[in-house]
Amino acid sequence: QVQLVESGGGLVQAGGSLRLSCAASGRTFSSNALGWFRQAPGKEREFVAAISRSGGTIMGADAVKGRFTISRDNAKNTVYLQMNSLKPEDTAVYYCAARSTVIVSRTSYAYWGQGTQVTVSS
């Protein structure tokens, strides 16, 4: 089992930045590939970014490439999502997730956090 707790969400103006954090506990954090997802009101949850166990492989959605950066600190059991140049369409609940394997992917995540709200005003 892996427990995930997100933080860092809030209200920001368009063009601003936020850094989300996700603290993990439970089974060995460094054994899991990790990802960030988001869900806007009335929409399905969508993939944002993912990172491999070592941090050497990163995947990102086209909508956030060049603006969002995923990283992880295995010593701190924490994964981050640095979000720059935020747009109103980035408004959503952001979720941290962990796979049960080390392989990075856009799908098949076994563990989820409770989410943190990000609101971008125009």
Side-chain angles (χ1 to χ4, degrees):
Q1 285 283 347
V2 176
Q3 292 78 43
L4 304 167
V5 179
E6 303 95 335
S7 62
L11 174 64
V12 64
Q13 289 188 334
S17 299
L18 281 174
R19 187 194 196 199
L20 304 183
S21 299
C22 175
S25 61
R27 59 175 287 182
T28 306
F29 174 83
S30 61
S31 298
N32 303 96
L34 302 168
W36 285 96
F37 293 76
R38 66 186 183 185
Q39 187 168 20
K43 295 186 177 181
E44 294 187 352
R45 186 168 58 194
E46 64 175 357
F47 169 78
V48 175
I51 188 168
S52 63
R53 177 182 63 177
S54 67
T57 301
I58 290 176
M59 301 174 65
D62 289 342
V64 305
K65 282 183 178 177
R67 300 189 297 123
F68 291 10
T69 302
I70 187 172
S71 62
R72 66 189 292 169
D73 185 337
N74 289 338
K76 296 182 178 180
N77 287 355
T78 302
V79 60
Y80 305 97
L81 185 68
Q82 178 66 44
M83 306 186 294
N84 299 328
S85 301
L86 283 161
K87 304 175 182 179
E89 51 263 43
D90 294 319
T91 295
V93 177
Y94 282 71
Y95 297 91
C96 171
R99 302 196 77 217
S100 56
T101 76
V102 303
I103 301 172
V104 66
S105 172
R106 296 171 183 261
T107 61
S108 303
Y109 282 75
Y111 309 102
W112 294 85
Q114 83 289 349
T116 186
Q117 177 70 46
V118 172
T119 303
V120 184
S121 63
S122 57

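The shown structure was predicted, so the numbers you read here are calculated from the model rather than taken from an experiment.
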Checklist line | Closest non-hydrogen atom pair between Ala50 and Val104, with its separation | finding: CB-CG2, 3.3 Å
Notebook entry, point to check: Quick one: SG on Cys22 to CD on Glu6, what's the gap to the nearest 0.5 Å?
Noted result: 5.0 Å
Margin query: When you compare the side chain of Cys96 with that of Val79, does any pair of heavy atoms fall below 4.5 Å?
Written below: yes
Checklist line | Point-to-point distance, once rounded to the nearest 0.5 Å, from CZ of Arg67 to CD of Gln82 | finding: 12.0 Å
Checklist line | Atom pair CG/OG1 of Leu81 and Thr69 - distance to nearest 0.5 Å | finding: 8.0 Å
Notebook entry, point to check: How close do Ser21 and Thr78 get, heavy atom to heavy atom, and via which atoms?
Noted result: CB-CG2, 4.3 Å
Margin query: If you compare all heavy atoms of Asn32 against all heavy atoms of Arg72, which two are closest, and at what distance to 0.1 Å?
Written below: O-NH1, 2.8 Å
Next item on the list: Please round to the nearest 0.5 Å and tell me the distance separating atom CD of Gln117 and atom CG of Leu11.
Entry: 9.5 Å
Check: What pairs meet the ring-ring contact (aromatic ring centres under 6.0 Å, His included) rule with one or both residues in residues 38-89, with sequence neighbours excluded?
Finding: Phe37-Phe47
Check: Just wondering, do Gln39 and Tyr95 contact through their side chains at under 4.5 Å, heavy atoms?
Finding: yes
Next item on the list: Say whether Trp36 and Val12 are linked into one hydrophobic cluster, either directly or through other cluster members, by side-chain heavy-atom distances under 4.5 angstrom.
Entry: yes
Margin query: Could you go through Met83 and Asp90, starting from their C-alpha distance and side-chain angles, then the distance that decides it, and tell me whether this counts as side-chain contact (heavy atoms from CB on, under 4.5 Å)?
Written below: CA-CA 9 Å; Met83 306 186 294; Asp90 294 319; over 6 Å; no
Item checked: Value rounded to 0.5 Å, distance of OG1 in Thr107 from CZ in Arg99 -> 6.0 Å
Note to self: To the closest 0.5 Å, what do you measure between NZ (Lys87) and OG (Ser122)?
What the structure shows: 14.0 Å
Check: Linking Ile, Leu, Val, Met, Phe, Trp and Tyr through side-chain heavy atoms less than 4.5 Å apart, which residues share a cluster with Ile103?
Finding: Val102
